[in-house]
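Have a look at the structure below before the remarks.
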Amino acid sequence: MHWADAFVRNLSGDQIFSTGISPSGPIHVGNMREILTGDILYKAAVDRGLMSRFMYLCDDLDPLRKVYPFLPDTYEEHVGKPLSRIPAPQGEGTYSEYFLRPFLETLDVINVSVEVVRTTDLYDRGVFAEAIDVVMRRKNDVARILEEISGRAVGKDWYPYNPLCSNCGRITKAKVEWYRFPEVGYRCQCGHEGVSDIRKAEGKMPWRVEWPAKWYALGVTVEPFGKDHGVKGGSYDTGKGIMEEIFGAKAPEPLIYEHIFLKGKGAMHSSTGVVIDAADMVKFAPPQILRFLVARSQPSRHIMFDPGAGLLNLIDEYEKYENLYASGGELDEDARRAYELSRLEQSTEKLSSIGFRHLVTLVQIYPREGDLLEALRRTGEGLDEITPVVRSNIDAIRRWLDRYAPDNVKFSLLEPHEKVVINDQERKLIAGFLESAGSIQWTPEAIHDMIHELIRNSGMQPKSGFAAFYRVLVGKERGPRLGYFLSTLGREFTMNRLSSAINM
RNA sequence: GGGUCCGUAGCUUAGCCAGGUAGAGCGAUGGACUCUUAAUCCAUAGGUCGGGGGUUCGAACCCCCUCGGACCCGCCA
């Protein structure tokens, strides 16, 4: 049984799935595992007939932790301020919205429909007021739970609330002096003394307390999170303790997932620069593939993501499932589910109408879209126009070839001065081609037939005969189907190139 | 130092929870097709299941140790 179905099978009643990703920087493919895992579970729950909601909590009241490598030095002055109160690195608006926007656009592209909730709004609307009041009144119990479960000492004058200083704007510097609902008195390191209203976004709970408060205030029943939170004594454990003892409620069912690694580079991490932007990935690969990457892998295993040759294999696999699914062919249970949970519901057009791998070749032969369409017509794909899926695949392939494609799928014409190695037999073969090339119809079929004929007459192996042409033209042993290739290159160009190559 | 997860063919992995002695895809090699959409089809090779020990009639699977990778033990999300 697919992991999502197996997980959901143990649930009963209405469900609220929740995830949270901090908008502190560009959201990368690694982060996407969180929200996709949530979405896949959510869809599996819906399929099972459970009334479900899926929420994404954007932690935009969290402080800017440091000046990240992608930020200008001037952001030093904003360290410690909430992300929703800092200007965007570029353009208008706030820091958090700046990074949130492309993320939300990407969610749309990959068919994740989630209720987006900003933590700042939750605080501002007083959604957390009750929870804050409870933890403030029982701060000693909360502190005890944190100490017992995490094994970490909590200071005497600790409060489960960090006020936002109304003077310096930092949420990390103020110390609580007193509490009387709904007000928290504080003194900030900047020298300011003030009062926060817990019904407003004038302060926030520390992470380990805020998490269970969210569960409680929103009624979260399922939450996937990275294995870093799942450690014994980690934030899930303390959250569970607080949830049960302080709020008297049941902690959500956890689903702990492993990280995504970039093949050959290590774990994806913004700080190390080992990162592929999520918004970026859906521009060089079909969006379904990002879903598929997560859906087909057990959450407990790390994912080795290879944006080069591995991506092509992944797409092959997806297309294979898609075709088997459509034709009612034999497809094992997990593969079927992985496919169902990966496809985009908003589009009925198959990804594989023209195989991605095939398109990779075509795009390189035919730089002009008109020629490409012509080629598709000619080879019986039955295409009258470039469909939306094909169009976006073409765009994706161009970017992919540019940035991630391995050399063995790329080809380009050799420069005229580049040296080619051919033996006498091969030279003779090409010379033979040149003798007749001027007089035949310059069509793919005619070219192809003639080359076949010549190779047969020469007594060479077909494979090595073709290889001679490829070596001369693209410097490789193999290449796109010769007839089409040469017809596209044009008679004059082909003949000039071949004759100069054999006369070098 | 303590803890968690992962380590299966060149690559990506299934199988581990409920022990019966390893399965797939890609790649490679060979072959077929009046031989190329780097297509398709068929076949072959390739695995000390990270290593060692234990339990068992039997271990990839359970237990212990060990090596390698990742992550946490920073009121940091």
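Just so it is clear: chains get the letters A, B, ... in the order the sequence lines come, proteins before strands, and each one is counted from 1. On a predicted model such as this, the values are computed, not experimentally measured, just so you know.
Of the residues in residues 296-312 of chain A, those placing a heavy atom less than 4.0 Å from an atom of RNA chain B are A:Gln298, A:Ser300, A:Arg301, A:His302, A:Met304, in numerical order.
Closest to the side chain of A:Phe411, from the set B:C75, B:C72, B:A38, is B:A38.
No contact: A:Trp211 has no heavy atom under 4.0 Å from any strand. Within the 4.0 angstrom heavy-atom criterion, no nucleotide atom of any strand lies near A:Tyr236.
Of the P atoms belonging to B:G10 and B:G50, the separation is 13 Å, rounded to the nearest Å. Comparing the P positions of B:A14 and B:A24 gives an interatomic distance of 15 Å, to the nearest angstrom. B:C57 and B:G19 are spaced 12 Å apart, taking the C1' atom of each and rounding to whole Å. Rounded to whole Å, the P atom of B:G54 lies 24 Å from the corresponding atom of B:U8. Taking atom C1' on both nucleotides, B:G46 is separated from B:G27 by 11 Å, rounded to a whole Å.
Salt bridge absent: A:Glu147 and A:Arg144 never bring a charged side-chain N and a carboxylate O closer than 4.0 Å.
Residue whose closest nucleotide on RNA chain B sits further toward the 5' end, between A:Gly230 and A:Leu482: A:Gly230.
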field: Where protein sits on nucleotides 23-34 of chain B, one letter per nucleotide: B base, S sugar-phosphate only, - none, heavy atoms under 4.0 Å
entry: --SS--------

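Counted by atom type alone, A:Arg208 and A:Thr238 present one or more donor-acceptor pairs between their side chains at under 3.5 Å.
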